[in-house]
Amino acid sequence: MSVLELVREDLRDFGGYSSARSAKLQGDIWLNANESAWANPADADAAASCRRYPDPQPQLLRERLADMYGCQPEQLLIGRGSDEAIDLLVRALCMPGRDAVLYTPPVFGMYAVSARLQNAPALEVPLLDTDAGLVPDIDAIIATAKQGNAKLVFLCSPSNPGGLSIPLQQVRAVAEALRGQALVVVDEAYGEFADEASAATLMDRFDNIAVLRTLSKAHALAAARIGSVIADAALIAVLRCCQAPYPIPTPCSTLALSGLGDAALAQTRARITTVRSERSRLCIALSAQRGVRHVYASDANFLLVRFSDAEAAFQTLLQAGVVVRDQRAAPQLQDALRITLGTPEQNDRVLDALATLELTA
Ligand code: PMP
């Protein structure tokens, strides 16, 4: 069975919008897209890059990302952050009211939001709180997906906010069990901070695996909104038809391309090393802090921390000017805050602030 059979039946012959650019005609006077013949004065210095509609999938950027993530350019779609990729997958695969989306709370909220917007039934299989940390319940995921007609299974690795990567053999077990029924989407937004290999390495054996990557985290380009979905090339072509005609603004793709140049990448790697060593330092320091109940092991650029009094910790940090993510409304995390790792100086501010908490706890 082809992975295309997972696409909504009513969209299988859908060609999407046919833009002026998609006709791929050649010429030196371009009068086919109702663009302006003159540049905006603000655009003049940048080679008038915004006068024309952008390439829907900027080829050089697509090649660079594919090279970096270990796939072919045709297996990769660039979107406005991985948020857009999540939404496209849910819209293209799930028939409203019928095909379910499975995810593992506490986890990144956009899987639930996209499912809700599509009126796709949501299947929640809670993470298990074990000595190793918050881990997915693989047997329950497989059983629930089968019983509940899941079309999409989101595995977040490393998980936000749980922090742990999912071992590849577990991803493989889910993909194998659900072959022909569901696409297993491995969200690797924080993959650069982890040791586990990308699930993209499984894609030649499992066409029902897709991988999400982003430039928003390790690559420090959150405002450029460049995310990727990597999947079977035929599925990528379908997702492209479901996407907006010109999703990637030229200034964003230009910035992303230079942000992935050799010199910038070397700096990115150095920053990742810093984040990883800060992660160990803070994990140890916070674990020793009175008032801290538990610091979860993390493969990402944040730490999930349980406090005896999370409200006091949150307010103390806020008074010190440090804003962290309150997780108390998330299932299983009634006493937890998620602290993104900052610069070593910023992390010291976190520790200093929480040390004052110790006096009152
Ligand atoms: N996946 C996960 C697990 C995330 O934590 C986030 C952002 N917080 C995203 C995807 C979305 O990232 P972006 O849209 O910026 O690529």
Side-chain angles (χ1 to χ4, degrees), residues 46 57-73 75-86 108 156-161 163-166 168 186-201 203 210-230 247-283 297-304 324-325 338-350:
Q57 288 292 299
Q59 192 52 27
L60 286 178
L61 181 60
R62 199 179 192 194
E63 285 166 10
R64 186 82 180 112
L65 290 166
D67 184 48
M68 201 165 73
Y69 298 143
C71 65
Q72 297 303 314
Q75 293 176 298
L76 181 144
L77 184 80
I78 310 171
R80 289 161 288 187
S82 25
D83 286 340
E84 185 185 23
I86 294 164
F108 181 54
C156 193
S157 176
S159 127
N160 173 18
L164 287 186
S165 310
I166 303 174
L168 276 197
V186 187
D187 184 343
E188 298 180 355
Y190 302 95
E192 289 88 347
F193 301 104
D195 291 326
E196 193 70 41
S198 169
T201 56
M203 280 177 32
V211 172
L212 304 179
R213 306 293 305 244
T214 180
L215 299 187
S216 296
K217 311 293 179 184
H219 293 276
L221 290 173
R225 309 304 300 127
I226 302 285
S228 301
V229 47
I230 302 162
I248 312 298
T250 301
C252 296
S253 59
T254 307
L255 176 64
L257 202 53
S258 49
L260 297 177
D262 291 344
L265 265 191
Q267 285 191 34
T268 298
R269 283 194 202 100
R271 279 200 310 264
I272 292 170
T273 306
T274 304
V275 168
R276 289 173 57 118
S277 76
E278 285 295 288
R279 184 170 74 196
S280 312
R281 179 174 80 95
L282 247 73
C283 185
S298 172
D299 297 318
N301 68 339
F302 53 80
L303 291 171
L304 181 67
V324 301
R325 182 81 149 154
R338 190 195 66 196
I339 307 176
T340 305
L341 294 155
T343 64
E345 298 72 28
Q346 291 170 342
N347 300 333
D348 284 342
R349 286 261 300 272
V350 169

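- Tested against F302 for a ring pair (Phe, Tyr, Trp, His ring centres under 6.0 Å), the candidates F193, Y190, F108 yield a single pass: Y190.
- Donor-acceptor pairing under 3.5 Å is recorded for the side chains of R271 and T268.
- Nearest heavy atoms, P158 versus A300: CB-CB, 4.1 Å.
- Counting heavy atoms from C-beta outward, H219 and L265 have side chains that approach closer than 4.5 Å.
- Between atom CG of residue L65 and atom CD1 of residue I230 there is a gap of 8.5 Å, rounded to the nearest 0.5 Å.
- Here the CD-CG distance, from E278 to L303, works out to 10.0 Å after rounding to the nearest 0.5 Å.
- Note: I339 CD1 to S298 OG = 11.5 Å, rounded to the nearest 0.5 Å.
- Salt-bridge check for R64 with D262: passed, with a basic side-chain N closer than 4.0 Å to an acidic carboxylate O.
- In this structure a side-chain-to-backbone donor-acceptor pair under 3.5 Å is missing from E63 to P73.
- In this structure, L76 and Q57 approach most closely via the heavy-atom pair O-OE1, 4.2 Å.
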* Derivation and outcome, side chain to side chain contact (heavy atoms under 4.5 Å, CB included), residues R225 and E84 -> CA-CA 9 Å; R225 309 304 300 127; E84 185 185 23; over 6 Å; no

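- Of the inter-residue distances, the one linking R213 atom CZ with S216 atom OG reads 12.5 Å to the nearest 0.5 angstrom.
- A 6.0 Å sphere centred on CZ of R281 holds more than 12 heavy atoms belonging to other residues, nucleotides or ligands.
- The shortest distance between side-chain heavy atoms of V324 and T340 does not fall below 4.5 Å.
- Minimum interatomic distance between C156 and N160 (heavy atoms only, all atoms of both residues): SG-N, 3.5 Å.
- With sequence neighbours excluded, the residues forming a side chain to side chain contact (heavy atoms under 4.5 Å, CB included) with P249 are P251, C252, listed by chain and number.
- Shown here for S253 and I248, the closest heavy-atom pair between the two residues is CB-CG2, 3.9 Å.
- Closest heavy-atom contact between V186 and A199: CG2-CB, 3.8 Å.
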* To do: Assess whether side chain to side chain contact (heavy atoms under 4.5 Å, CB included) is satisfied between K217 and V275, documenting all intermediate values.
  => CA-CA 11 Å; K217 311 293 179 184; V275 168; over 6 Å; no

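- The main-chain N or O of A85 is never found under 3.5 Å from a side-chain atom of S82 such that the two would form a donor-acceptor pair.
- For the atom pair Q75 CD and R62 CZ, the distance stands at 10.0 Å (nearest 0.5 Å).
- Panel note: side chain D299, backbone L164; no donor-acceptor pair is recorded below 3.5 Å.
- Judged by distance alone, the side chain of E196 and the main-chain N or O of L168 form a donor-acceptor pair under 3.5 Å.
- When every heavy atom of A256 is checked against every heavy atom of L221, the shortest pair comes out as CA-CD1, 4.0 Å.
- Between the CG atom of L260 and the CG atom of L255 there is a distance of 9.0 Å, given to the nearest 0.5 Å.
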